[in-house]
Amino acid sequence: MLERHEFEREPVGSLAELEDLIAQRPELHLRYSEGPAQDDGGGSIDTESGLELPGLSVNPLAPEPWWTRPVADWLARQLCQYRHLAEANPARFAWVLTGRLVGRGPDCEPLLDDAIPVARLEKGLLEEADSRYRAAFDAERGPED
């Protein structure tokens with residue numbers, strides 16, 4: 001039996017591999033943290049209010065229906081939006097999970113309970129995502145720029 005902190009599958013090493021996984025399992029989400037063992041049994045903390053959220057703060061990996069660009073562009077953007085968390089804390093890493101949706105956080109991010117870890121994302125995949133993100137988007141540009 002799978003322990004709650006063990007991953008279901010081997011690490012994902014490329015955007016193409018992640019895209020294939022999402023095509024098979026659109027319910028998957030992304031999380032940057034110190035991993036499933038560290039997250040087991042607790043929710044995320046909203047740092048501004050200090051409140052514990054009822055689940056883990058995650059980002060969806062399946063594109064929204066309105067997304068007309070390549071799926072790999074969506075994935076690259078999702079992977080890059082919160083990479084600063086891993087950059088600020090080397091113990092954090094990117095991983096894929098599923099679980100029960102229990103609400104939304106203060107930034108409208110999904111909150112998952114009963115998390116099931118699916119796969120860790122390899123560094124090479126994150127580098128590929130960063131390269132694609134910078135090539136395909138006005139990276140880190142806001143409405144006032």
Side-chain angles (χ1 to χ4, degrees), residues 1-15 17-67 69 71-134 136-144:
M1 181 175 179
L2 181 73
E3 293 292 326
R4 286 182 55 87
H5 62 279
E6 293 178 10
F7 292 105
E8 289 181 355
R9 53 168 285 147
E10 296 297 314
V12 178
S14 71
L15 280 174
E17 190 180 345
L18 184 58
E19 188 172 342
D20 288 344
L21 181 60
I22 298 309
Q24 296 167 28
R25 299 186 62 189
E27 80 280 4
L28 296 179
H29 290 78
L30 168 69
R31 179 156 170 82
Y32 281 93
S33 74
E34 294 182 21
Q38 185 73 22
D39 290 342
D40 193 22
S44 298
I45 301 292
D46 174 40
T47 54
E48 290 183 21
S49 68
L51 296 174
E52 183 171 358
L53 303 173
L56 299 176
S57 177
V58 297
N59 283 49
L61 285 171
E64 290 290 327
W66 54 263
W67 187 260
R69 295 175 65 154
V71 173
D73 284 355
W74 174 273
L75 292 172
R77 186 172 178 175
Q78 292 299 87
L79 292 172
C80 290
Q81 290 302 308
Y82 290 93
R83 68 176 178 243
H84 65 277
L85 296 173
E87 292 167 354
N89 178 355
R92 289 181 182 252
F93 60 91
W95 55 289
V96 175
L97 67 156
T98 188
R100 183 173 53 91
L101 182 65
V102 293
R104 298 240 172 225
D107 295 321
C108 268
E109 73 279 16
L111 301 174
L112 295 184
D113 193 17
D114 300 326
I116 300 170
V118 175
R120 188 175 177 142
L121 302 182
E122 292 185 337
K123 185 178 179 180
L125 164 58
L126 299 174
E127 291 168 350
E128 178 187 2
D130 184 67
S131 178
R132 184 172 187 121
Y133 179 61
R134 294 191 180 285
F137 295 94
D138 288 331
E140 300 169 5
R141 183 179 172 158
E144 301 299 325

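The shown structure was predicted, so the numbers you read here are calculated from the model rather than taken from an experiment.
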Close side-chain approach of [X] and [Y], heavy atoms under 4.5 Å:
X: P110; Y: R104; answer: yes
X: D39; Y: L97; answer: no
X: Q38; Y: S33; answer: no
X: R25; Y: V118; answer: yes
X: L79; Y: L126; answer: yes

Just how far is it from atom [atom1] of [X] to atom [atom2] of [Y], taken to the nearest 0.5 Å?
X: R134; Y: C80; atom1: CZ; atom2: SG; result: 7.0 Å
X: L51; Y: I45; atom1: CG; atom2: CD1; result: 8.5 Å
X: R120; Y: L125; atom1: CZ; atom2: CG; result: 12.0 Å
X: E128; Y: E122; atom1: CD; atom2: CD; result: 11.5 Å
X: L53; Y: L111; atom1: CG; atom2: CG; result: 5.5 Å
X: L28; Y: N59; atom1: CG; atom2: CG; result: 13.0 Å

Mind running side chain to side chain contact (heavy atoms under 4.5 Å, CB included) on L112 and T98 for me, showing each step along the way? CA-CA 8 Å; L112 295 184; T98 188; 5.7 Å; no

Out of the candidates W67, F137, Y133, only one should pair with W74 under the ring-ring contact (aromatic ring centres under 6.0 Å, His included) rule; please name it. W67

Considering all heavy atoms, the nearest [X]-[Y] contact:
X: P11; Y: E17; value: O-OE2, 3.8 Å
X: A115; Y: L56; value: CB-CD1, 3.9 Å
X: L30; Y: A94; value: CD1-CB, 4.0 Å
X: P106; Y: D46; value: CG-OD1, 3.5 Å
X: A119; Y: V12; value: CB-CG2, 3.8 Å
X: P36; Y: F93; value: CD-CZ, 4.3 Å

Under 3.5 Å, side chain of [X] to main-chain N/O of [Y], donor-acceptor pair present?
X: E109; Y: S57; answer: no
X: R83; Y: D130; answer: no
X: R92; Y: Y32; answer: yes

